[in-house]
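Note on naming: letters A, B, ... go to the chains in the order of the sequence lines (proteins, then strands), and numbering restarts at 1 for each one. What you see is a predicted model; the values in this text were computed from it and never measured. Below, all heavy atoms of this structure are taken into account, side chains as well, without hydrogens, waters or symmetry copies.
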2 protein chains.
Amino acid sequence: MILSTNEPPPCLPRAERLRSALEQAGWRCTRQRAAVFDYLCAVESHPTAEDVYQAVRRRLPKISLATVYKALEALVDSQLAEKLTSGNGPARFDCHHQAHYHFRCVDSDEVRDLPVAYDPQLIDKLDPQLISHLRQQGFHVTGYRLEVLGHLQKT
Amino acid sequence: MILSTNEPPPCLPRAERLRSALEQAGWRCTRQRAAVFDYLCAVESHPTAEDVYQAVRRRLPKISLATVYKALEALVDSQLAEKLTSGNGPARFDCHHQAHYHFRCVDSDEVRDLPVAYDPQLIDKLDPQLISHLRQQGFHVTGYRLEVLGHLQKT
DNA sequence: ATCGATGCAAAGCGTTTGCAGGGGT
DNA sequence: ACCCCTGCAAACGCTTTGCATCGAT
């Protein structure tokens with residue numbers, strides 16, 4: 001969430017946050033996973049697994065695409081990253097751990113974060129009875145996902 | 001949109017609506033496409049291409065899966081159906097032409113329509129300046145997509 | 001009669017898996 | 001030393017494509 005300024009500051013440096021989150025989820029902290037995480041944190045866009053592979057290869061020339069996929073899986077499982085599958089093409093990955101919204105280009109499938117505060121109550125605002133109404137029908141609501149769609153001018 | 005009662009009544013019977021929409025988009029109206037459309041309109045759930053194939057096969061035993069994919073493409077292109085790609089598995093298809101929201105089961109990837117009125121102004125309500133702000137940065141907003149996430153109890 | 005649509009099979013793309021060897025704890 | 005992780009290649013699931021034939025207009 002870009003504009004949000006009242007969030008707690010990151011208590012741990014990135015490397016420590018990575019290690020503790022991975023280990024808490026039962027994964028080891030390896031060079032490959034650190035390189036994938038560093039790249040994800042460094043870019044504005046939300047790259048595909050192939051994008052990550054091409055970038056990380058410059059630092060670790062022997063890394064394989066399968067390892068990138070497994071590193072991304074470990075990061076997602078450790079809640080350090082999110083997997084975005086709404087488009088037609090390959091999945092995209094996002095390391096911003098605060099809940100937030102996305103803009104998606106319907107032409108290129110590119111994704112960007114939106115500079116708008118995330119509203120945890122949005123579903124209730126649509127219809128205050130929706131969540132309890134759904135629960136009665138066997139739907140247990142855990143969250144929601146909002147994507148703004150449109151065209152992103154190529155520059 | 002299940003609960004919406006103030007929408008215009010369908011002016012044309014389903015078969016005519018199908019034919020005119022397909023032809024307007026430059027597609028022919030064939031038995032296979034009609035069978036796919038009829039099935040999509042008949043079910044509550046949002047089936048995958050494979051689901052459609054298995055169902056339509058009972059009416060047209062010689063239809064192929066490739067034809068189902070091409071029929072679905074024609075229906076989507078003719079605005080008679082929508083392709084839902086947000087999950088991890090195969091795409092799902094939806095023939096309800098009114099804009100609406102979905103519930104998605106994070107376990108099974110099943111999708112259902114939500115009985116809540118679609119709000120065209122929702123993005124403005126999040127932040128009245130968001131759309132013009134995005135336009136200044138080269139993002140041209142055309143719409144949005146909202147999915148409620150949760151668990152759907154198996155019955 | 002024309003030209004798009006069908007059905008079949010093969011290829012395509014993104015992703016996952018099996019496995020032998022390597023590296024983190 | 002243990003066991004997880006890596007890198008390679010092969011398999012996988014979903015979707016698209018090439019092509020000869022069929023069928024809608």
Side-chain angles (χ1 to χ4, degrees), chain A residues 15-16 18-37 46-54 56-57 59-78 81 83-93 108-111, chain B residues 15-16 18-37 46-54 56-78 80-81 83-93 108-111:
Chain A
E16 273 318 303
L18 170 68
R19 170 173 300 275
S20 71
L22 281 174
E23 292 182 349
Q24 204 154 356
W27 304 93
R28 287 184 182 168
C29 185
T30 65
R31 272 173 302 130
Q32 290 86 343
R33 288 168 186 169
V36 168
F37 184 59
H46 296 306
T48 65
E50 178 70 31
D51 294 336
V52 173
Y53 174 55
Q54 293 304 335
V56 168
R57 224 138 86 97
R59 263 176 70 186
L60 298 174
K62 301 204 60 179
I63 199 172
S64 74
L65 182 55
T67 297
V68 170
Y69 273 103
K70 280 179 271 203
L72 290 167
E73 182 199 353
L75 294 176
V76 169
D77 184 67
S78 309
K83 186 178 185 177
L84 310 174
T85 53
S86 316
N88 283 296
R92 290 170 175 276
F93 294 86
S108 67
D109 253 14
E110 277 179 76
V111 177
Chain B
E16 273 317 303
L18 170 68
R19 170 172 301 274
S20 71
L22 280 174
E23 291 182 350
Q24 204 154 357
W27 303 93
R28 286 186 184 165
C29 186
T30 65
R31 271 173 303 133
Q32 289 87 343
R33 287 168 187 170
V36 168
F37 185 59
H46 296 305
T48 65
E50 179 70 30
D51 293 337
V52 174
Y53 174 54
Q54 293 304 335
V56 167
R57 224 137 87 96
R58 295 198 284 267
R59 262 176 71 187
L60 299 174
K62 299 204 59 178
I63 199 172
S64 72
L65 182 54
T67 296
V68 170
Y69 273 102
K70 280 179 271 203
L72 291 167
E73 181 199 354
L75 295 175
V76 169
D77 183 67
S78 309
L80 290 164
K83 186 178 184 178
L84 310 175
T85 54
S86 316
N88 284 296
R92 290 170 175 278
F93 294 87
S108 68
D109 252 16
E110 275 179 78
V111 176

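- Distance alone, capped at 3.5 Å, places no donor-acceptor pair between the A:Arg33 side chain and the A:Leu75 backbone.
- Smallest separation of non-hydrogen atoms from B:Pro47 and B:Val52: CG-CG2, 3.9 Å.
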Practice prompt. Produce a footprint string for nucleotides 16-25 of chain D: one letter per nucleotide, 5' end first; B if the base is under 4.0 Å from any protein heavy atom, S if only the sugar-phosphate is, - if neither.
Written response: BBB----BBS

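- Rounding to whole angstrom units, CG of residue A:Leu60 and C1' of D:dC5 are separated by 14 Å.
- Residues meeting the salt bridge (charged side-chain N to carboxylate O under 4.0 Å, His left out) test with A:Arg19, sequence neighbours left out: A:Glu23.
- Taking atom CG of residue B:Asp77 and atom C1' of nucleotide C:dA5, one finds them 15 Å apart after rounding to whole Å.
- For B:Thr67, a side-chain nitrogen or oxygen approaches OP1 or OP2 of C:dG7 to under 4.0 Å.
- Computed from coordinates, the B:Leu72 CG to D:dC14 P distance equals 15 Å when rounded to whole Å.
- Using a 4.0 Å cutoff on non-hydrogen atoms, the parts of residues 84-91 of chain B near DNA chain D are B:Pro90, B:Ala91, ordered by number.
- Regarding B:Leu22, its CG atom lies at a distance of 15 Å from the C1' atom of C:dT6, rounded to whole Å.
- With rounding to the nearest 0.5 angstrom, the CG atom of A:Leu18 is 8.5 Å from the OG1 atom of A:Thr30.
- The closest side-chain heavy-atom distance from B:Leu72 to B:Lys83 is not below 4.5 Å.
- Contacts classified as salt bridge (Lys or Arg N to Asp or Glu O under 4.0 Å) and involving residues 59-70 of chain B (residues at least two apart or in different chains) are given here: B:Asp38-B:Arg59.
- Between A:Ala71 and A:Val36, the closest heavy-atom pair is CB-CG2, 3.9 Å.
- For B:Asp51, the salt bridge (charged side-chain N to carboxylate O under 4.0 Å, His left out) test picks out no residue, with sequence neighbours left out.
- Annotation: of the two residues near DNA chain D, A:Trp27 and B:Glu50, the 5′-most nearest-nucleotide partner is A:Trp27.
- Rounded to 10 degrees, the angle separating the terminal helix axes of the helix from C:dA1-D:dT25 to C:dT25-D:dA1, each built from five base pairs, is 40°.
- A donor-acceptor pair under 3.5 Å is formed between the side chain of B:Thr85 and the backbone N or O of A:Gly87.
- With rounding to whole Å, B:Arg57 atom CZ is found 13 Å from C:dC8 atom C1'.
- What separates CZ of B:Arg92 from C1' of D:dT15 is a distance of 16 Å, to the nearest Å.
- The nearest pair of heavy atoms linking B:Val68 to B:Ala49 is CG1-O, 3.7 Å.
- Protein atom OH of B:Tyr53 is 15 Å distant from nucleotide atom P of D:dT15, rounded to whole Å.
- At least one donor-acceptor pair under 3.5 Å links the side chain of B:Asp109 to the backbone N or O of B:Gly89.
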